[in-house]
Amino acid sequence: MTRLALTVNGERHVIDVEARHTLADALRERCGKTGTNLGCEHGVCGACTVLVDGEPARACLLFAVQLEGKSIRTVEGLAQDGRLHELQRAFMEHHALQCGYCTPGFLMLAAWFIERYPQADDEQIRELVASNLCRCTGYQNIVRAIRAAADRRR
Ligand code: FES
Ligand code: FES
């Protein structure tokens, strides 16, 4: 076991992990943040996307021991003071989810994107969402939701 300290959604966690544990394992099993879903566990689907020091990352591809001192943002950190993040509201309003399994990954990817590129056009949003897989929605409504949240932020 290795002991490491992480900040998750602004809260410090000191956890013990095995060398084989991924960031997703650490978040789910050691930090109690089960909102980060695992799909392929091979870096393909994006369901496990979180932000590591502000940048999107596949939590299934990083070993937890690599992340000493890092700041992680997960889907649990989006809502503030009981109020949903604008992306969460937009996903609801535009019916951008069905089963919802992929949704935390899309939300974290989109949170990074609209904070960095609030002026992005639909083409850029389509390129963004191509990195994550959704088996249910067909993507149109996900693009609409991200568009709406970015517009609100401008
Ligand atoms: S579970 Fe990490 S990319 Fe699919
Ligand atoms: S809403 Fe079901 S996989 Fe995306």
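In listed order, ligands and their atoms are each counted from 1. In what follows, residues are counted from 1 in the order of the sequence shown. Since this is a predicted model, take the numbers as computed values, not measurements.
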### Query
Which angle, to 10 degrees, forms at atom 4 (Fe) of ligand 1 with SG of Cys45 on one side and SG of Cys40 on the other?
110°
### Task
Answer with yes or no whether the hydrophobic clustering places Met92 together with Ile142; edges join I, L, V, M, F, W, Y residues whose side-chain heavy atoms lie under 4.5 Å apart.
no
## Note on the structure
For SG in Cys48 and SG in Cys60, the angle at atom 2 (Fe) of ligand 1 (nearest 10°) is 100°
### Message
Under 4.0 Å from a heavy atom of Gln98: which atoms of ligand 2 are those, numbered in the order shown and with their elements?
### Response
1 (S)
### Query
Looking at Cys99, which atoms of ligand 2 are within less than 4.0 Å of one of its heavy atoms?
1 (S), 2 (Fe), 3 (S)
### Query
Does Thr7 use its side chain to pair, donor to acceptor, with the backbone of Gly10 at less than 3.5 Å?
no
### Message
Can you tell me if Arg135 has over 12 outside heavy atoms packed within less than 6.0 Å of its CZ?
### Response
no
### Task
Indicate whether any N or O donor in one side chain lies under 3.5 Å from an N or O acceptor in the other, for Thr74 and Asn9.
yes
### Message
How about OH on Tyr139, more than 12 heavy atoms from neighbouring residues, nucleotides or ligands closer than 6.0 Å, or not?
### Response
yes
### Query
With a cut-off of 2.8 Å, does any N, O or S atom of Cys136 fall short of it relative to atom 2 (Fe) of ligand 2?
yes
### Proximity of Val44 to ligand 1 by residue part, where a heavy atom lies under 4.0 Å
backbone
### Query
Glu41 heavy atoms, cut-off 4.0 Å: which ligand 1 atoms fall inside?
1 (S), 4 (Fe)
### Message
I need the atoms of ligand 2 closer than 4.0 Å to a non-hydrogen atom of Gly100, numbered in the order shown.
### Response
1 (S), 2 (Fe)
### Task
Determine, using the 4.5 Å side-chain heavy-atom cutoff (strictly less than), whether Val75 and Val129 are members of one ILVMFWY cluster.
yes
### Message
Distance under 4.0 Å to a non-hydrogen atom of Cys102: what atoms of ligand 2 satisfy this?
### Response
1 (S), 3 (S), 4 (Fe)
### Query
For Glu123 and Arg147, what are the C-alpha separation, side-chain angles and deciding distance, and is it a salt bridge (Lys or Arg N to Asp or Glu O under 4.0 Å)?
CA-CA 10 Å; Glu123 186 63 33; Arg147 161 89 284 133; over 6 Å; no
### Summary
A student checking ligand 1 against Gly43 at a 4.0 Å heavy-atom cut-off should list atoms 3 (S)
### Message
Considering non-hydrogen atoms of the protein only, which is the closest contact for atom 3 (S) of ligand 1, and what is the distance?
### Response
Gly46 N, 3.2 Å
#### Entry: Metal proximity, Cys134 vs atom 2 (Fe) of ligand 2, N/O/S cut-off 2.8 Å
no
### Task
Carefully, step by step, assess Glu18 and Arg3 under the rule salt bridge (Lys or Arg N to Asp or Glu O under 4.0 Å).
CA-CA 9 Å; Glu18 294 176 29; Arg3 178 154 295 186; over 6 Å; no
